[in-house]
2 protein chains.
Amino acid sequence: MHDKNHSAYEIKGMPKDEHLSDLADLFKMFADSTRVKIMFALMDNELCVMDISGMLNMTQSAISHQLKILKSANLVTNRRDGKTIYYRLSDDHVKSIIAQGFDHILE
Amino acid sequence: MHDKNHSAYEIKGMPKDEHLSDLADLFKMFADSTRVKIMFALMDNELCVMDISGMLNMTQSAISHQLKILKSANLVTNRRDGKTIYYRLSDDHVKSIIAQGFDHILE
DNA sequence: TGAACATATGAACAACTATTCATATGTTGT
DNA sequence: ACAACATATGAATAGTTGTTCATATGTTCA
């Protein structure tokens, strides 16, 4: 049976559109394999752009663009040391989100 | 070897490209606010297409297309009861992935 | 069988996105 | 100041994706 008089406001526990949009935006960051690879690479150590570029066998520009996107989402931060800029994950949520994703895949 | 795909596999602890692609594909499912809303709506009860369509104030077609995508990713399943087809989440990973995402946002 | 209902589907279009290429910015050592 | 290096950035492009519209499939009941 279904109730035709349901309105959006009657949905229990449904967060506001704004929050659901933010949630989707967060997952967008993990929805590209290049970005996932970058985050995976940053799990253990901080790395500079050329390190990542070499590891993933992709151009410096492509990596730099993606790092900018990840930084704008506050998933990575960086520090400058001379000419080199080292990137690292900003917090442990990144690790746990990726780990949880793998849990789902490897079952 | 200077095989283009070889270098990525030399990274310690870096899963294979195929798995990282699967991971990104999984997160793609959560990277659209319509799909997140649908999954959220299915957290408590199973619902038919028109229920969801009404809740989200979107066309039946749009919801049906997205449900097909979610089903192809094995995130939802369905059962037919007469004319109506009820959808539900296929497992609890969906809930925990969304919950983890919210943890990150609400801090 | 036919009408009403519930859902699925294909094509088309607009919006978005990741990469490439060329170039700019910023840093170090000479 | 200049050359070499490391990274950032803007524009262009190709590929992807979500929604709409029209229509098809499948089910129930009279």
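Below, each value reflects all heavy atoms present in this structure, side chains not excepted, and no hydrogens, waters or symmetry copies. Per chain, numbering begins at 1; letters A, B, ... match sequence-line order. Quick caveat: nothing in here was measured; it's all calculated off a predicted structure.
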Expressed as a whole number of angstroms, how long is the span from [X]:[atom1] to [N]:[atom2]?
| X | N | atom1 | atom2 | result |
| --- | --- | --- | --- | --- |
| A:K71 | D:dA8 | NZ | C1' | 11 Å |
| B:Y86 | C:dA8 | OH | C1' | 18 Å |
| A:M29 | C:dA18 | CE | P | 8 Å |
| A:L47 | D:dT7 | CG | C1' | 15 Å |
| A:R80 | C:dT25 | CZ | P | 14 Å |
| B:R79 | C:dA6 | CZ | P | 15 Å |
| A:I63 | D:dA6 | CD1 | P | 16 Å |
| A:L56 | C:dT19 | CG | C1' | 14 Å |

Inset, instruction - Using a heavy-atom cut-off of under 4.0 Å over every strand shown, decide if A:Y87 touches base, sugar-phosphate, or nothing. - result: sugar-phosphate

Legend entry - Identified side-chain contact (heavy atoms from CB on, under 4.5 Å) partner of B:Y87 from the options B:L47, B:I63, B:V49, B:D51: B:V49

Inset, instruction - Side-chain contact test, heavy atoms from C-beta onward, threshold under 4.5 Å: evaluate it for A:D91 versus A:L75 and give yes or no. - result: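 The answer is no; the side chains never approach within 4.5 Å.
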
Legend entry - Pair A:E46-A:R79, side-chain contact (heavy atoms from CB on, under 4.5 Å): steps then yes or no: CA-CA 10 Å; A:E46 64 179 8; A:R79 70 177 176 91; 2.4 Å; yes

Distances under 3.5 Å between protein N/O atoms and the N/O atoms of nucleotides 17-23 of chain D, please, pair by pair.
| unit_1 | atom_1 | unit_2 | atom_2 | d |
| --- | --- | --- | --- | --- |
| D:dG18 | OP1 | B:R35 | NH1 | 3.0 |
| D:dG18 | OP1 | B:R35 | NH2 | 2.8 |
| D:dG18 | OP2 | B:R35 | NH1 | 3.3 |
| D:dT19 | OP1 | B:T34 | OG1 | 2.7 |
| D:dT19 | OP2 | B:Q66 | NE2 | 2.9 |
| D:dT20 | OP2 | B:T59 | OG1 | 3.2 |
| D:dT20 | O4 | B:H65 | NE2 | 3.2 |
| D:dC21 | N4 | B:S61 | OG | 2.7 |

From [atom1] ([X]) to [atom2] ([Y]), nearest 0.5 Å:
| X | Y | atom1 | atom2 | result |
| --- | --- | --- | --- | --- |
| A:R80 | A:I85 | CZ | CD1 | 4.0 Å |
| B:I69 | B:D32 | CD1 | CG | 8.0 Å |
| B:K37 | A:L23 | NZ | CG | 11.5 Å |

Inset, instruction - Name the orientation class of the two ring planes belonging to A:F27 and B:F30 (parallel below 30°, tilted from 30 to 60°, perpendicular beyond 60°). - result: tilted

Legend entry - Of B:K68 and A:D81, the one whose closest DNA chain C nucleotide lies more 5':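 Counting from the 5' end, the first nearest nucleotide belongs to B:K68.
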
Legend entry - N/O (side chain, B:K83) to phosphate O (OP1/OP2, D:dG26) under 4.0 Å: no

